Amino acid sequence: MIKSKKEYLKEYELSISNPEKFWSNYAKNFQWISPFNKVLNWNFDEPKVEWFINGKLNITENIFERNLSKIRDKTAILWEPNDSDAEAKKITYNQLFSQVCQFSNALKKKNIRKGDRVIIYMPMVPEAVVAMLSCARIGAIHSVVFAGFSANSLSDRINDSRAKVIITSDGNFRGNKIIPVKKIVDEAIKKTNSIETVIVLNRTNMDVSMKKDRDYWYHDTVENESTESKAEIMDSEDSLFILYTSGSTGSPKGVVHTCGGYMIYSQYTFENIFQNKNDEIYWCTADIGWITGHSYIVYGPLLSGATTLMFEGVPTYPDPSRFWKIVDKHKVNQFYTAPTAIRALQSFGDNYFKNSSLDTLKVIGSVGEPINLEAWNWYNSNIGKDKCPLVDTWWQTETGGIMISPIPGVIEPKPTYATLPLPGIQPILLDNNGNEIKENEVEGNLCIKYPWPSILRTTYGDHERCKKTYFSTFKGYYFTGDGAKRDKEGNYRILGRVDDVINVSGHRIGTAEVENAINENPSVIESAVVGYPHKIKGQGIFAFIIIDKNQYNQNYKDEIRNTVSDYIGPIAKPDEILIVPGLPKTRSGKIMRRILRKIASNDFENFGDTSTLLNPDIVKEIIESKK
Ligand code: WTA
């Protein structure tokens, strides 16, 4: 654990001057079945990155066997159910280990082997963590799909990964709703042909249909299974998981992370950013369907032997004091959430946190989108009581772990800045021509010039796409898709996406995906979608549509929203829909989104050079429709 600025500077210096030495030193903390014989092979052209070469390990041995003698009876998962009157559950490391072994054995009986893909589509329950770790134990590759995604999104992910199994639940308690999860799975499977087995956790006791010889109850599969299971021997570079995420073009891509590098980086960053010690309670409010849930609910904390709190419900149920009540109830010491949750809770007023003492908190964190100054100040003073360092952590699904962030007691927070890179991370800013901007007090495209252990290795089944998306815009660098500003002291402030990705409530949504969904609606001829500033969500989705007058009906807005919800999920529903006579296109047919972005934000001036537009007059017409 880094304890002072001096130590940080020393570690940072070594991590840059001799990255291999730096990371191989840290790798000594882990249990290797056989040691690696080379630390790093890389080039960003193919791209190809390999860490801890020929090392053999199993990440679950590093969670359990490595630490168990010290933390056998320590709570691993502290689970707070949706219903605030229901009892919380504590699962010790030893109990979790037994459950993981039992479920690993159950998966093997269902013919799941190393390298097979397993979809996990589950609510925020401990069994979801058991499912992830059981896959890791036997070398199967998990792909967790956020349970808010629609059947259609789920079937796309099943098909792309050619998964054999889905682990799911009957239903999902979310606030005062019960979501019929298994029904969505049944719907999704209809459009796929690789699924052999569905394992269903009984969470809500709701009626579900169970197909013979395909669907099995979770509790039946683990009954009578042994609580011991030998860990599969994994190479450092074997895949650990796939996580689908949206980009500028096409359908979501499966970001692939591997066993060795991901293990090392998730523990390293968890330890340093959250400084969780002894019996302190750590809570990250993300969903396991996102990378934040993977790295900072499951792998980082559990590798570090921490107690990780897992919350099934939503921040506003039974009322908007729920988060703060949980903090007091479980004496939470480190709390990690998203700006959108902060802004939403702030909007309900002071009464909801006033009756909570929040005095156990030591570190508060933010992730997923730029945090605006107002939200930063509110969070810092009302929740952190001006005494907890606020760590604004910048990173991505593709980076696997936190890249730029304050470190409590080491690197001072600066409002709205993610501040400085962690050891091992070499960010640079490039101008649009790909030249490095060396000075400070500048803005540019944020790139990383050297590999770190948990950089993505590929996009599943399509390496070319990985190369094109991340390693081609600026040759020789990993391109993040974000713009950033660097201040006098070298602190980074993330300005948001510079590509066609919209960040809605911290969820990445590709404009092309939403447009494809909207275009499924029979009354729509063409559409263009952009992000615009939204008070709570950070960015909202604005859809400009050209409508087929013969098909027009006045409920078109609801219909389009429903189409998007069915196609992607409720999170991608457009906030605003505007009928326009045409779209601003270049002669090559490309939509000029920067114009639409300005119009969506009610900024009707200074459109820059519009001479390349096929029909420059359209801009005025769209503005008229907007006004
Ligand atoms: C944005 C989430 C500003 C950014 C871990 C990035 C942030 C995208 C921050 C990745 C932050 C994440 N400040 N922006 N602290 N953290 N982002 O893959 O645009 O869901 O590229 O990973 O979220 O989103 P993802």
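Index from 1, following the sequence. Atoms within a ligand are numbered from 1 in the order they appear, just like the ligands themselves. What you see is a predicted model; the values in this text were computed from it and never measured.
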*Does atom CD of E374 have more than 12 heavy-atom neighbours from other groups under 6.0 Å away?*
no
*For ligand 1, which atoms, with element, lie under 4.0 Å from some heavy atom of T292?*
5 (C)
*What residue and heavy atom of the protein are closest to atom 13 (N) of ligand 1, and at what distance?*
E369 O, 3.4 Å
_For Y478 together with F44, are the ring centres under 6.0 Å from each other?_
no
_Closer than 4.0 Å to some heavy atom of D482 - which atoms of ligand 1 meet that?_
4 (C), 6 (C), 19 (O), 21 (O)
_With nothing but distance in play, are any N or O atoms of D392 less than 3.5 Å from an N or O of ligand 1?_
yes
_All salt bridge (Lys or Arg N to Asp or Glu O under 4.0 Å) counterparts of E369, not counting sequence neighbours_ = R343
*Considering only non-hydrogen protein atoms, determine which one is nearest to atom 18 (O) of ligand 1 and report residue, atom name and distance to 0.1 Å.*
T397 OG1, 2.5 Å
_For atom 16 (N) of ligand 1, closest protein heavy-atom neighbour_ = G368 N, 3.1 Å
_Option of least heavy-atom distance to atom 8 (C) of ligand 1 (set: Q539, H507, R497)_ = R497
*Would you give the length of the straight line joining atom NZ of K414 to atom CG of D487, rounded to the nearest 0.5 angstrom?*
4.0 Å
*asked:* Taking the six-membered ring for Trp, are Y262 and F241 closer than 6.0 Å centroid to centroid?
replied: yes
*Examine ligand 1 and decide if any of its atoms is less than 4.0 Å from a heavy atom belonging to G496.*
no
_Suppose I only count heavy atoms of V367 and a 4.0 Å limit; which atoms of ligand 1 are within that range?_
5 (C)
*Close approach of W395 to ligand 1, heavy atoms, under 4.0 angstrom*: yes
*Are the aromatic ring centres of F270 and Y268 under 6.0 angstrom apart?*
no
_Give the atom numbers and elements of ligand 1 that come within less than 4.0 Å of a heavy atom of N503._
1 (C), 23 (O)
*asked:* Check whether R457 reaches the backbone of V49 with its side chain - one donor and one acceptor, N or O, closer than 3.5 Å.
replied: yes
*Determine, using ring centers only, whether W283 and F335 are less than 6.0 Å apart.*
yes
_Using a strict threshold of under 4.0 Å (side-chain N to carboxylate O), is an ion pair present between D499 and R593?_
no
*Which ligand 1 atoms does T393 reach within 4.0 Å, using its non-hydrogen atoms?*
9 (C), 11 (C), 15 (N), 16 (N)
*Going by distance only, is there an N or O of E398 that falls short of 3.5 Å from an N or O of ligand 1?*
no
*Going by heavy-atom distance to atom 24 (O) of ligand 1, choose the closest among Q396, M403, R508.*
R508
